[in-house]
Amino acid sequence: MAQSETPESPRGLGERGILARRKSRQAGRFYSLTAASTILPGLGLIPSRRRTGVAILSGFVLTVLVVLGYAPAKGVTSSVISVGVSRRALMILIPVLIIGAVIWIWGIIVTARDNLPESAVGRPKVAMVVFAALAALLVFAPAAQSVRYAVIQRSLIGSVFDQLRPDGATGPGEGNDPWAGTDRVNIMLVGSDAGGDRVGIRPDSLMVASINTQTGETVLFGIPRNLQNIPFSKDNPLSQKSPDGYNCGDQCLMEYVWTPGRDNADLFPSDVNPGLAATKDAASQILGLPIDYTTVINLEGFTQLVDAMGGVTVDVKERVCIGCKIEGGVVVGTTGYIEPGVRELDGYHALWYSRSRADSGDGDFSRMRRQRCMAGALLNQVNPTSMLVRYPALARTLRDNVTVDIPQQDLKARAELVQRIQKGGSIKSLPLTNKNINVNRPDYAKIHAMVFDAINPPEPKPSKSSPTSKKSTSSTTTPPSTSTTTKGDELSDITSSC
């Protein structure tokens, strides 16, 4: 009679080993195919659901090929920006991301279910379920964040930027170079002191960025808030009441131009913001440049912007008081100081660094220099990676505190212009201060000449040693020469001015 087999017998050990190897192969198949569907959507489905897996994988590969074909033709950065500044493109992108993520995650779950061993129990089964859940999460998390950012960006474009180009205004063109035929774009940047403890709006900081559209070279002009004898153009409705401009002495400063514009809104029937329109016209007449677009940010917005960036590092040259103001010729209210040296400033301290003027020997003008330093520091320290992480807070700050009159349909061309500035355009600064102009009796012919020279630098003289060199000529007619050589605040590179 044959001896019965026991688990300890050689044959029993062999069957158990075969069963263990089978379970190991099934587990390996589960993990490998689930991982495959995580890396490439539908790939792990092909063994169990061939048609479905091939269809999903083919759709993914086709999408990638389309993107790879489009991006190099337009440039990767340009392609991303083109989508990011178009509400229509974002409207298409959002459901595409959602549907694509749902299909991808569905493929992972079905792959896991099809390949989950029937014999898996206890801890091995729990481990497999957890693995599938984590795989689905690897797709869900970035997809959800991408959809969130796309929704925020679309809302931001709709709330911050104008929907239509102003009547009669011409924007950039179309084609490979939207700026062909447009030499310069001038953008007025207004730092407003609007706040809960203030009535109305006053330009606490006023700059104009003049950008060469082909090279990206930019000159930033700082206009003093205490400039007097402000000229108005004939097209400015305020010239009907003040044909000689805004010229009532120290009660009619540049920072107050906003007020008569606001108070005479009936003279600006086509402008939703007559105060800004009046300020824009005045800045144009002061510099002798047409102002194409404007950007306004209030003080709270500036503070939040710096905080959203994670702070800013500044080389502080002079002690700056915090909370201070001048009353009766005496500095009062000081709560602290920003000491000289390289400092990491949060939004609150960056704001006081930029606008404090009580401690400075030349008040407003020292502040203008610090504002120039702050602008350079912010430009140099913008980190795309950190901005992406902080984007929701940054977008909220822009939506709540910034107004821009750039039409939505022109954003793509503006993004192209920013790229040209970042790629090769130098950023220079020319503040108008008591070192180079008389703020009480400004010579506007001299200021216009200074501005002209700043945006039309002389071409380098050809080397005398070169036999083929020829004397260059400029296509721009130089205005009558006035003395523009000054000491102190001169045209300089913004990144090296601090």
Side-chain angles (χ1 to χ4, degrees), residues 16-74 76-77 79-84 86 89-154 384-385 388-389 391-392:
R16 188 166 60 182
I18 292 173
L19 181 61
R21 287 195 295 272
R22 182 182 300 160
K23 289 182 178 180
S24 177
R25 286 196 299 271
Q26 289 175 342
R29 178 184 176 86
F30 170 87
Y31 285 114
S32 61
L33 291 179
T34 303
S37 281
T38 305
I39 297 172
L40 291 174
L43 180 60
L45 272 178
I46 294 178
S48 59
R49 304 176 184 238
R50 183 176 181 82
R51 290 184 179 178
T52 302
V54 170
I56 295 175
L57 182 60
S58 299
F60 175 77
V61 172
L62 180 61
T63 301
V64 171
L65 291 176
V66 170
V67 171
L68 292 178
Y70 176 79
K74 297 285 187 178
V76 176
T77 304
S79 300
V80 172
I81 291 176
S82 297
V83 174
S86 170
L90 289 169
M91 190 61 183
I92 296 173
L93 178 64
I94 292 169
V96 168
L97 287 173
I98 295 174
I99 294 172
V102 168
I103 294 175
W104 198 332
I105 293 172
W106 178 86
I108 294 172
I109 294 173
V110 173
T111 300
R113 188 183 64 187
D114 287 351
N115 294 280
L116 182 68
E118 294 181 1
S119 58
V121 293
R123 290 182 179 179
K125 184 175 182 179
V126 171
M128 292 179 183
V129 172
V130 170
F131 180 83
L134 290 176
L137 184 62
L138 286 176
V139 175
F140 173 80
Q145 191 74 319
S146 298
V147 170
R148 180 192 179 202
Y149 280 18
V151 171
I152 292 174
Q153 176 67 7
R154 191 170 188 275
T385 302
L388 187 62
V389 173
Y391 182 70

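More than 12 heavy-atom neighbours from other residues, nucleotides or ligands sit within 6.0 angstrom of CZ on F60.
Residue I108 comes nearest to S37 through the heavy atom pair CG1-O, 3.7 Å, listed as atom of the first residue, atom of the second, then distance. Of all the heavy atoms in I46 and V54, the pair that sits closest is CG1-N, 4.0 Å. In plain terms, the two heavy atoms of T111 and L33 that are nearest each other are CG2-O, 3.4 Å. When all heavy atoms of V139 and A101 are compared, the pair lying nearest together is CG1-O, 4.4 Å. Contact detail for D114 and S48: the closest heavy-atom pair is OD2-OG, 3.1 Å. Nearest heavy-atom pair across A112 and A132 is CB-CB, 3.7 Å.
The closest side-chain heavy-atom distance from M128 to P117 is below 4.5 Å. Between L93 and L90, some side-chain heavy-atom pair lies under the 4.5 Å cut-off. Residues K23 and S119 form a side-chain contact, since some pair of their non-hydrogen atoms from C-beta on lies under 4.5 Å apart.
The ring-ring contact (aromatic ring centres under 6.0 Å, His included) search around W106 returns none, not counting sequence neighbours. In this structure R154 satisfies the salt bridge (Lys or Arg N to Asp or Glu O under 4.0 Å) test with no other residue, sequence neighbours excluded.
One finds the CD atom of Q145 at 10.5 Å from the CZ atom of F140 (value rounded to the nearest 0.5 Å). Taking CD1 from I92 and CG from L97, the interatomic distance works out to 12.0 Å, rounded to the nearest 0.5 Å. The CD1 atom of I39 sits 11.0 Å away from atom OG1 of T34, with the distance rounded to the nearest 0.5 Å. Rounding to the nearest 0.5 Å gives a distance of 11.0 Å between CD1 of I109 and CG of L45.
Side chain of W104 to backbone of A136: no donor-acceptor contact under 3.5 angstrom is found.
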